[in-house]
Amino acid sequence: MKDRIDALLAEIAGLKCSTENEIEQARVRLLGKRGDITRLFEEFRNIAPEMKRELGQKLNQLKTAAISKIEEMRDSAEQSVAVSASYDLTKPGDSYPLGSRHPVSIVRKEIIDIFRKFGYDVAEGPEIEDDWHVFEALNFPPEHPARDMQDTFFISSGNNPVLLRTHTSCVQVRAMETMPLPIRIVCPGRVFRNEAISARAHCIFHQVEGLYIDENVTFADMKQAILLFAREMFGAETQIRMRPSYFPFTEPSAEVDVSCNICKGTGWLEILGCGMVDPNVLEASGIDSKKYSGFAFGMGVERIAMLKWQVKDLRNYFENDLRFLKEFETYI
C-alpha cells in the first residue's frame with residue numbers, strides 16, 4: 001500500500017488539467033466513490049494494527065494533496081476564463097505603426113524618376129574609391145585643395161591612395177571606362193567630406209550626378225535638360241539662370257539657380273553645378289574628345305529636399321527624430 005500511496009502522490013504533483021471537464025474527471029478518478037484514494041481508505045481497514053499509524057498519516061497526506069491540487073487547478077481555470085472573457089476575440093488585432101520613406105529617399109527617388117523619363121539610366125559605384133577615379137581622371141591637379149586631408153577622408157596613402165569618395169563623379173569615370181557610347185546616366189549615392197557639422201553642412205550627404213556623352217552634344221542641350229528637370233521638380237513655371245563657375249572636370253562650367261516660385265519672391269536659389277565635360281576627362285577614360293562631347297551636372301539631395309520642404313537645418317535629415325520623420329508619412 002505504501003508504494004501505491006507514493007505513486008499517487010507523485011502523480012498528483014505532476015497533474016495538469018486546463019478545463020473544468022478535465023479537472024472533474026481527475027477528481028472523480030481520485031476522490032470519487034470508486035476513486036483510487038477512496039479504495040485505499042477501504043483497504044486501510046484490513047491493515048495490521050502496527051501499520052495503521054504510519055499508513056494512516058500517509059493516506060491523510062495523500063487525500064489533502066489531492067484536494068489541494070483539485071482546488072488549485074480550478075482556481076487557475078477560473079482565472080483563465082476571466083481573462084479571456086475580457087477580450088473580444090472577434091475584434092481586429094492591434095495595429096502596429098508602419099515606417100515610411102525617409103525625406104532624402106523620397107527626393108532621391110523623385111530626381112531619378114524625372115531623369116528616367118528623359119531616357120537616363122541609373123549607375124552606381126563603390127563608396128570606397130581610389131585617387132584615380134575620384135581625382136586624377138577628373139582633371140584635378142595635384143595641388144587642388146580637395147586633395148588636402150582637411151577635405152577628404154583618406155584610408156591609405158601611396159601612389160594611388162584609397163579614400164571615401166567626395167562626389168559621385170567617380171561613378172561617371174567608371175561608366176566612361178566601361179560603357180559603350182552614347183552614355184546617358186544619373187549616379188545617385190552617398191558621399192563623404194571632412195567638414196564641420198552645422199545647420200548647412202555635414203560630413204555625410206547624398207548626391208545625384210548626371211552625364212550625357214554623344215556626338216555633337218552642346219551647352220544648349222545641357223541647359224534644356226536642366227530646365228526640364230527644374231520644371232518637373234519645382235513646378236511648370238520655374239525658370240533657371242546659369243552663373244559662370246569653375247570645376248576641374250568641366251569647361252565651361254556653371255552654377256544653376258531656380259526662380260523664386262519656391263522662395264516666396266526672395267530671389268533665386270542655387271540647386272546644382274554643371275558644365276561641358278572637359279576634353280582631358282574624356283581622353284583619360286579613352287574617349288575621343290574630337291568626336292564626342294558631353295555635359296555633366298551634380299546636385300545635393302539634401303539641398304533639394306531643403307528647398308522642397310523649406311527645412312532650415314540639414315542635421316534634421318540625420319538625427320532620426322521621429323517627430324520630424326512623421327511629417328513625411330503621407331509620401332509614398
Side-chain angles (χ1 to χ4, degrees), residues 111 114-115 118-120 123 132-148 151-152 165-177 179 181-189 191 193 207-234 238-260 267-301 303-304 307:
I111 294 170
I114 290 171
F115 281 104
F118 299 163
Y120 286 72
W132 166 260
H133 289 93
V134 176
F135 296 131
E136 192 72 26
L138 289 166
N139 205 34
F140 281 81
E143 69 278 3
H144 196 280
R147 292 176 175 269
D148 194 280
D151 297 322
T152 305
R165 66 185 182 187
T166 58
H167 47 207
T168 55
S169 302
C170 50
V171 182
Q172 298 179 22
V173 175
R174 291 185 175 274
M176 287 188 287
E177 290 174 340
M179 291 180 65
L181 295 169
I183 297 172
R184 187 188 282 115
I185 58 170
V186 286
C187 312
V191 299
R193 294 182 188 174
Q207 286 186 333
V208 175
E209 297 195 21
L211 176 69
Y212 176 39
I213 297 177
D214 201 350
E215 296 183 37
N216 302 316
V217 176
T218 68
F219 196 97
D221 296 325
M222 178 180 68
K223 182 178 179 181
Q224 185 65 19
I226 293 173
L227 176 61
L228 289 174
F229 162 74
R231 289 180 173 175
E232 288 280 342
M233 192 74 193
F234 300 112
T238 301
Q239 299 297 322
I240 66 170
R241 72 175 182 183
M242 291 184 164
R243 294 176 286 107
S245 186
Y246 166 75
F247 304 109
F249 37 84
T250 55
E251 180 61 37
S253 304
E255 291 181 347
V256 180
D257 303 329
V258 291
S259 57
C260 61
W268 298 82
L269 290 174
E270 180 186 339
I271 60 167
L272 57 85
C274 63
M276 300 301 293
V277 180
D278 192 294
N280 291 335
V281 173
L282 295 175
E283 295 291 344
S285 297
I287 296 175
D288 185 355
S289 61
K290 292 181 173 58
K291 181 178 181 182
Y292 293 97
S293 59
F295 63 77
F297 56 85
M299 67 193 80
V301 178
R303 174 68 171 165
I304 301 295
L307 298 178

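Because the structure is predicted, anything quoted here is derived from the model rather than measured.
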Would the number of heavy atoms belonging to other residues, nucleotides or ligands and lying under 6.0 Å from CG of D288 be above 12?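 More than 12 heavy atoms, drawn from other residues, nucleotides or ligands, come within 6.0 Å of this atom.
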How long is the span from the [atom1] atom in [X] to the [atom2] atom in [Y], to the nearest 0.5 Å?
{"X": "K291", "Y": "N216", "atom1": "NZ", "atom2": "CG", "value": "10.5 Å"}
{"X": "R174", "Y": "H133", "atom1": "CZ", "atom2": "NE2", "value": "4.0 Å"}
{"X": "R243", "Y": "D257", "atom1": "CZ", "atom2": "CG", "value": "4.0 Å"}
{"X": "L228", "Y": "K223", "atom1": "CG", "atom2": "NZ", "value": "12.0 Å"}
{"X": "H167", "Y": "C187", "atom1": "NE2", "atom2": "SG", "value": "11.0 Å"}
{"X": "D221", "Y": "D214", "atom1": "CG", "atom2": "CG", "value": "9.5 Å"}

Whether [X] side chain and [Y] backbone form a donor-acceptor pair below 3.5 Å:
{"X": "R303", "Y": "I271", "value": "no"}
{"X": "E209", "Y": "S169", "value": "yes"}
{"X": "R193", "Y": "T166", "value": "yes"}
{"X": "E283", "Y": "S289", "value": "yes"}
{"X": "T168", "Y": "P188", "value": "no"}

What I'd like to find out is whether the side chain of [X] reaches to under 4.5 Å of the side chain of [Y], using heavy atoms alone.
{"X": "L272", "Y": "I226", "result": "yes"}
{"X": "I185", "Y": "M179", "result": "yes"}
{"X": "M233", "Y": "V258", "result": "no"}
{"X": "V186", "Y": "I111", "result": "no"}
{"X": "R184", "Y": "F115", "result": "no"}
{"X": "M242", "Y": "F219", "result": "yes"}
{"X": "T250", "Y": "M276", "result": "no"}
{"X": "L138", "Y": "V281", "result": "yes"}

[X] to [Y] - nearest heavy-atom pair and separation:
{"X": "I213", "Y": "L181", "answer": "CG2-CD2, 3.8 Å"}
{"X": "R165", "Y": "V171", "answer": "NH1-CG2, 3.7 Å"}
{"X": "N139", "Y": "P248", "answer": "ND2-O, 3.0 Å"}
{"X": "V173", "Y": "A137", "answer": "CG1-CB, 3.7 Å"}
{"X": "G210", "Y": "Q172", "answer": "O-NE2, 3.5 Å"}
{"X": "C274", "Y": "V256", "answer": "SG-CG2, 3.7 Å"}

Angle between ring planes, Y212 versus F295, binned at 30° and 60°: parallel, tilted or perpendicular?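 Answer is perpendicular, since the angle exceeds 60°.
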What orientation do F247 and F249 show, parallel under 30°, tilted 30 to 60°, or perpendicular over 60°?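 F247 vs F249 ring planes: parallel.
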I'd like to know whether the aromatic ring centres of Y120 and F229 sit less than 6.0 Å apart in this structure.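 Not under 6.0 Å, so no.
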